[in-house]
Amino acid sequence: MKLERMIGILSILLQQEKVTAPYLADKFEVSRRTIQRDIEALCMAGIPLVTEPGQKGGISIMEGYKMDRALLTASDMQAILAGLRSLDSVSGTNRYAQLMEKLSAGASNLLAGDNHILIDLSSWYKDSLAPKIELLHNAILTEQKISFTYFAPKGESKRVAEPYDLVFQWASWYLWGWCETRADFRLFKLARMTDLKLADPFAKRPAPLPDFSAKRVFPTAYQVKAVIQPEYKWRLIEEFGTESFTVQPDKTLLFSFGFTDKTEIITWIASFGGGAELLEPKEIRQDILAFAESIRSRYSE
């Protein structure tokens with residue numbers, strides 16, 4: 001943790017001319033004394049940091065100093081390059097590949113040394129996703145609102161939002177922003193956004209970080225128990241993990257997991273055809289029967 005914090009401090013100092021110890025303490029959620037020890041450790045590592053007292057003082061890197069890339073090991077550089085390659089997979093440009101070349105200048109072995117970690121953050125919607133990310137990134141940097149049509153389970157709506165962050169989570173891309181309609185911060189799934197346009201400038205407000213905890217994003221409304229046929233074990237492992245079921249004496253799988261929505265339960269059980277039976281909640285069994293009857297009646301002619 002200390003090493004990660006020190007690298008973070010160095011990164012900030014490389015980007016900003018001068019910062020204060022209280023700023024760094026607040027940024028990394030540690031005491032000022034801890035920051036002072038980190039600064040001393042960085043100086044001992046050979047990085048000439050200057051500390052100026054007074055109201056206009058602060059911490060800075062000595063003017064004219066160039067960081068020796070040897071401070072980053074080959075393993076560190078390869079991890080950075082893997083991350084940059086992943087950004088190129090969705091950017092629709094080659095700017096990150098060019099940055100990779102700059103980082104590896106004079107050390108070409110870094111590019112060729114380890115290409116065994118391949119990260120592709122694009123999706124089935126790659127052609128439409130890259131322009132959205134480019135537009136949203138520009139809107140964030142220039143502090144411009146965006147207008148768009150949003151498609152959600154509860155229906156279609158027109159939205160105007162202040163964009164703050166692009167987020168890759170749960171194998172999908174999201175925008176974290178202030179929604180004028182809801183008067184609150186919201187996550188918008190990029191795949192559900194259409195007619196995306198830049199709108200009026202805005203002044204940034206204090207923005208909390210999005211809460212990605214499962215309890216917040218996927219609150220459990222229904223505790224599901226179901227018997228799943230053994231040929232679908234791969235699916236339970238892929239979707240919910242090995243702890244979501246137990247193997248019964250007859251080899252069937254007793255599944256248990258929390259769901260947020262009744263419709264999700266019905267369609268999930270139905271997607272197994274005859275390979276799954278819902279045990280609980282018992283009241284939803286009748287909904288599944290009604291769903292099956294509607295399908296049967298539609299295709300009976």
Side-chain angles (χ1 to χ4, degrees), residues 8 11-19 23 26-27 80-103 118-214 216-219 260-261:
S11 176
I12 290 174
L13 291 173
L14 287 169
Q15 297 176 60
Q16 300 185 36
E17 184 176 342
K18 185 183 298 183
V19 296
Y23 169 83
D26 182 66
K27 184 78 172 177
I80 292 170
L81 298 179
L84 292 175
R85 281 195 296 268
S86 72
L87 292 175
D88 250 350
S89 68
V90 294
S91 68
T93 70
N94 65 347
R95 69 165 65 101
Y96 298 105
Q98 293 170 351
L99 179 55
M100 288 164 54
E101 293 175 1
K102 291 179 182 179
L103 285 173
L118 304 177
I119 306 171
D120 190 338
L121 300 181
S122 60
S123 70
W124 296 110
Y125 315 101
K126 183 172 183 177
D127 291 342
S128 61
L129 181 63
K132 286 182 182 178
I133 290 178
E134 189 74 9
L135 186 148
L136 290 170
H137 190 213
N138 181 60
I140 293 169
L141 295 178
T142 58
E143 299 183 9
Q144 286 182 270
K145 295 180 183 179
I146 54 167
S147 64
F148 56 96
T149 302
Y150 196 65
F151 296 85
K154 294 182 179 180
E156 173 185 345
S157 60
K158 300 289 185 181
R159 302 290 185 96
V160 175
E162 300 171 2
Y164 284 83
D165 295 290
L166 284 165
V167 181
F168 185 77
Q169 186 80 8
W170 313 297
S172 295
W173 281 93
Y174 296 81
L175 173 74
W176 175 245
W178 173 269
C179 176
E180 290 191 350
T181 304
R182 300 288 184 260
D184 198 1
F185 282 93
R186 288 288 190 272
L187 273 177
F188 298 102
K189 196 169 187 177
L190 265 60
R192 296 178 180 174
M193 300 169 71
T194 65
D195 304 320
L196 190 59
K197 295 181 178 66
L198 295 175
D200 298 330
F202 71 95
K204 283 191 174 181
R205 64 186 76 218
L209 291 175
D211 183 356
F212 293 125
S213 64
R216 170 67 178 83
V217 181
F218 305 110
T260 62
D261 181 75

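No hydrogens, no waters, no symmetry mates; every other heavy atom, side chains included, goes into these values.
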(request) State, with a plain yes or no, whether a side-chain heavy atom of Q169 is found less than 4.5 Å away from one of L187. (result) no
So which heavy atom on [X] is nearest to which on [Y], and how close?
X    : Y    : result
Y23  : I12  : CE2-CG2, 4.2 Å
A207 : Y164 : CB-CD2, 3.6 Å
F188 : A161 : CE1-CB, 4.2 Å
L166 : W173 : CB-CZ3, 4.2 Å
A139 : P163 : CB-CG, 3.8 Å

At what distance, to the nearest 0.5 angstrom, does [atom1] of [X] lie from [atom2] of [Y]?
X    : Y    : atom1 : atom2 : value
R192 : Y174 : CZ    : OH    : 7.0 Å
N138 : I133 : CG    : CD1   : 13.5 Å
K197 : T149 : NZ    : OG1   : 7.5 Å
I140 : L175 : CD1   : CG    : 6.0 Å
S147 : L196 : OG    : CG    : 7.5 Å

(message) Ring centroids only, cut at 6.0 angstrom: are W176 and F185 within range, meaning strictly under it?
(response) yes
(request) Pick out which of K145, R205, R159, R186 makes a salt bridge (Lys or Arg N to Asp or Glu O under 4.0 Å) with E180. (result) K145
(message) Looking at L190, is its backbone amide N or carbonyl O close enough to the side chain of K132 to form a donor-acceptor pair, meaning the two atoms are under 3.5 Å apart?
(response) yes
(message) Closer than 3.5 angstrom, by distance alone: can the side chain of Y150 be matched with the main-chain N or O of K189 as a donor-acceptor pair?
(response) yes
(request) Could you go through the side chain to side chain contact (heavy atoms under 4.5 Å, CB included) check for W178 and F202 one step at a time? (result) CA-CA 11 Å; W178 173 269; F202 71 95; over 6 Å; no
(message) Please determine whether side chain to side chain contact (heavy atoms under 4.5 Å, CB included) holds for the pair D200 and V160, giving the CA-CA distance in whole Å, both sets of side-chain angles, and the decisive distance to 0.1 Å.
(response) CA-CA 10 Å; D200 298 330; V160 175; over 6 Å; no
(request) Check step by step if side chain to side chain contact (heavy atoms under 4.5 Å, CB included) holds for K27 and V19. (result) CA-CA 11 Å; K27 184 78 172 177; V19 296; over 6 Å; no
